[in-house]
Amino acid sequence: MINLWRFISRFNAFFFLIIYLVISITLLIKNNDFQKASVYNSSNEIIGGIYQKVNIVNKYLNLNLVNDSLAKENISLHNQLKSSFLNDSIVTKIVTDTINKVKYEYILSEVVNKSITSRNNYLTINRGSKAGIKKGMGVIGPNGIVGIVWNVTKNFSSIQSILHEDTRITSSIEGSPYFGPLIWEGKDPNYVTLTDIPNQLNLKPKARVVTSGLGVIFPKGVLIGIVDKAGVKGGGSFLDISVKLSTNFYAIEYVYVIKNNYQTEQETLEDANKESVND
Amino acid sequence: MIKILTNALRFILLVALQVFLLKNMVIYGLNVPYLYILFVLLLPFETPNWLLFTLAFLIGISVDLFSDTLGLHATACVILAFFRTVIIRVTVQEDNYDSDPEPTLAIMGFRWFFFYALILTLIHHFFLLTFEVFKFSEIINTLSRVFISSLFTLILIFIAELIFFRKKERK
């Protein structure tokens, strides 16, 4: 017994290493699971609150860039206003629009924390379940796509950004029928790779890469970026297209969370399909 | 008592510095300094092992909470604490010093501190970035990140140590 005790106390550092390593690796593995994501992260009330305070300084420093992108967005919205079109019809009457039902709603929210430099990056925003945000909603910024809602508390949500190894957003080249998943290879936060595009596609330089509208998260045609260069990997029949992101993650301050009003309906239908195939 | 206070202050200061400032300092797109490990490096020699490991775990978890990587920094810090005990056992003779020394640049000299900081920084960064990526296919990319980040961290460690160099010598 004494010998055992001597042995343990002689190598006590090693035993402490084992104990704490087990604790921390358990946390690490548990937390890595998208579905089981725990609440101990920056969408937590306390930490989110601290970040919101510190963010006041950051917001001030980025005012120039934010103003710039908001002004650009204003112009594009102005261009869509009714008043900027010439109306050449003679008879006018008010029509209650019953054809178009609102499918996507946008929730404005402010970025209070973000990471860009890790292999897997997240953003924290200051709107949560109170504003109607749920896990799995899409998030876009004034210039383009940002990520997917990962975890939600009452007042904050964290977003798994497009710069994450598990984020796969189905996207396509504007005007072409082909689509494929978008991957970040972890090197440069300004570039992502669009894979699985058949190489018979005649790719124009500077073509726009947009969301495909498949799935329930993003509407069709949200800008992701611009084609930088394309290459065939290892003589395969698919192109790996390098895309320059239109979202500048260094400067992003405001984002819009997309709420799809028909998400449940579409998902229920698709789940029912899967079940009937399995039977 | 003063020692506990200094270390507590150092803990808070380094975590705040790491999560609010250094996390946003980027070179070559992806490399960040992780200066907060200086807290573990500078704990006094006579710190008992259980306290050393607990504190290392705590500072890791604190940084994790702010960067959405629960367990990642904690794992790397616990490994760092273990290698700290090994290196100190190998290089420092216990009866060799007169009155409670600390593993600082001012007391232990440049040569010793340089190798101490270099080895531990490389170990910490290696485990941190490998666990973060967790893919063997990206090993070259990861290793280059380890080296550039380590260089960046070491420079900051020496700047921090040189700022507080004189104060400790006078005491």
Side-chain angles (χ1 to χ4, degrees), chain A residues 9 11-32 37-44 46-48 50-51 53-55 57-58 113-124 150-151 158-161 163-165 185-191 250, chain B residues 16 19-33 48-54 56-58 60-62 64-86 88-89 127-135 137-138 141-142 144-145 149:
Chain A
S9 63
F11 296 103
N12 62 353
F14 184 69
F15 286 102
F16 282 122
L17 174 74
I18 302 285
I19 295 168
Y20 277 106
L21 215 53
V22 168
I23 301 174
S24 48
I25 289 184
T26 318
L27 287 174
L28 184 63
I29 291 168
K30 258 195 181 156
N31 192 50
N32 262 357
S38 88
V39 289
Y40 297 106
N41 54 42
S42 63
S43 67
N44 178 295
I46 301 164
I47 288 166
I50 297 175
Y51 265 128
K53 292 239 158 59
V54 173
N55 193 43
V57 181
N58 285 342
N113 178 33
K114 63 189 163 191
S115 67
I116 300 156
T117 52
S118 314
R119 178 64 180 87
N120 298 320
N121 296 293
Y122 303 94
L123 296 97
T124 310
W150 178 55
N151 211 353
S158 51
I159 299 164
Q160 178 178 309
S161 106
L163 310 175
H164 188 292
E165 74 183 312
E185 271 154 1
K187 290 190 180 111
D188 188 333
N190 291 316
Y191 291 91
Y250 290 101
Chain B
V19 298
F20 296 138
L21 183 67
L22 294 181
K23 208 180 78 179
N24 306 319
M25 271 173 81
V26 189
I27 40 170
Y28 300 123
L30 277 171
N31 297 282
V32 202
N49 275 339
W50 64 268
L51 190 62
L52 172 70
F53 277 93
T54 315
F57 182 76
L58 276 181
I61 279 288
S62 325
D64 277 332
L65 286 175
F66 281 96
S67 29
D68 290 327
T69 52
L70 199 67
L72 181 66
H73 287 274
T75 313
C77 277
V78 170
I79 294 171
L80 168 72
F82 176 71
F83 279 98
R84 189 196 119 117
T85 62
V86 173
I88 286 178
R89 202 193 304 146
F127 281 103
L128 180 74
L129 296 172
T130 325
F131 276 127
E132 187 186 16
V133 178
F134 224 80
K135 258 188 199 158
S137 58
E138 289 182 19
N141 190 17
T142 311
S144 64
R145 283 179 69 191
S149 277

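A note on names: the letters A, B, ... follow the listed sequences, proteins ahead of strands, and every chain is numbered from 1.
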Sort out for me which residue in B:Ile61, B:Asp64, B:Thr75 forms a side chain to side chain contact (heavy atoms under 4.5 Å, CB included) with A:Ser24.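 Between A:Ser24 and the candidates, side chain to side chain contact (heavy atoms under 4.5 Å, CB included) is satisfied uniquely by B:Thr75.
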Point-to-point distance, once rounded to the nearest 0.5 Å, from OG1 of B:Thr69 to CG of B:Leu128: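 One finds 8.0 Å between OG1 of B:Thr69 and CG of B:Leu128.
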Would you give the length of the straight line joining atom CG of A:Asn12 to atom CZ of B:Phe53, rounded to the nearest 0.5 angstrom?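 Between atom CG of A:Asn12 and atom CZ of B:Phe53 there are 8.0 Å.
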Can you tell which part of [X] gets under 4.5 Å to a heavy atom of chain A, answering side chain, backbone, both or neither?
| X | result |
| --- | --- |
| B:Val19 | both |
| B:Val78 | both |
| B:Thr85 | side chain |
| B:Thr142 | neither |

At a heavy-atom separation under 4.5 Å, does A:Phe14 approach chain B through its side chain, its backbone, both, or neither?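 A:Phe14 touches chain B through backbone and side-chain heavy atoms alike.
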Distance-only, no hydrogens or angles: does the B:Lys23 side chain make a donor-acceptor pair with backbone N or O of A:Ile116 under 3.5 Å?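 Answer holds: no.
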Apply the ring-ring contact (aromatic ring centres under 6.0 Å, His included) test between A:Tyr20 and each candidate in B:Trp50, B:Phe82, B:Phe57; give the one that qualifies.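 Checked B:Trp50, B:Phe82, B:Phe57 against A:Tyr20; only one passes ring-ring contact (aromatic ring centres under 6.0 Å, His included): B:Phe57.
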Which one wins on heavy-atom pair count under 4.5 Å against chain A: B:Ala76, B:Gly71, B:Ala81?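 When all of B:Ala76, B:Gly71, B:Ala81 are compared, B:Gly71 has the most.
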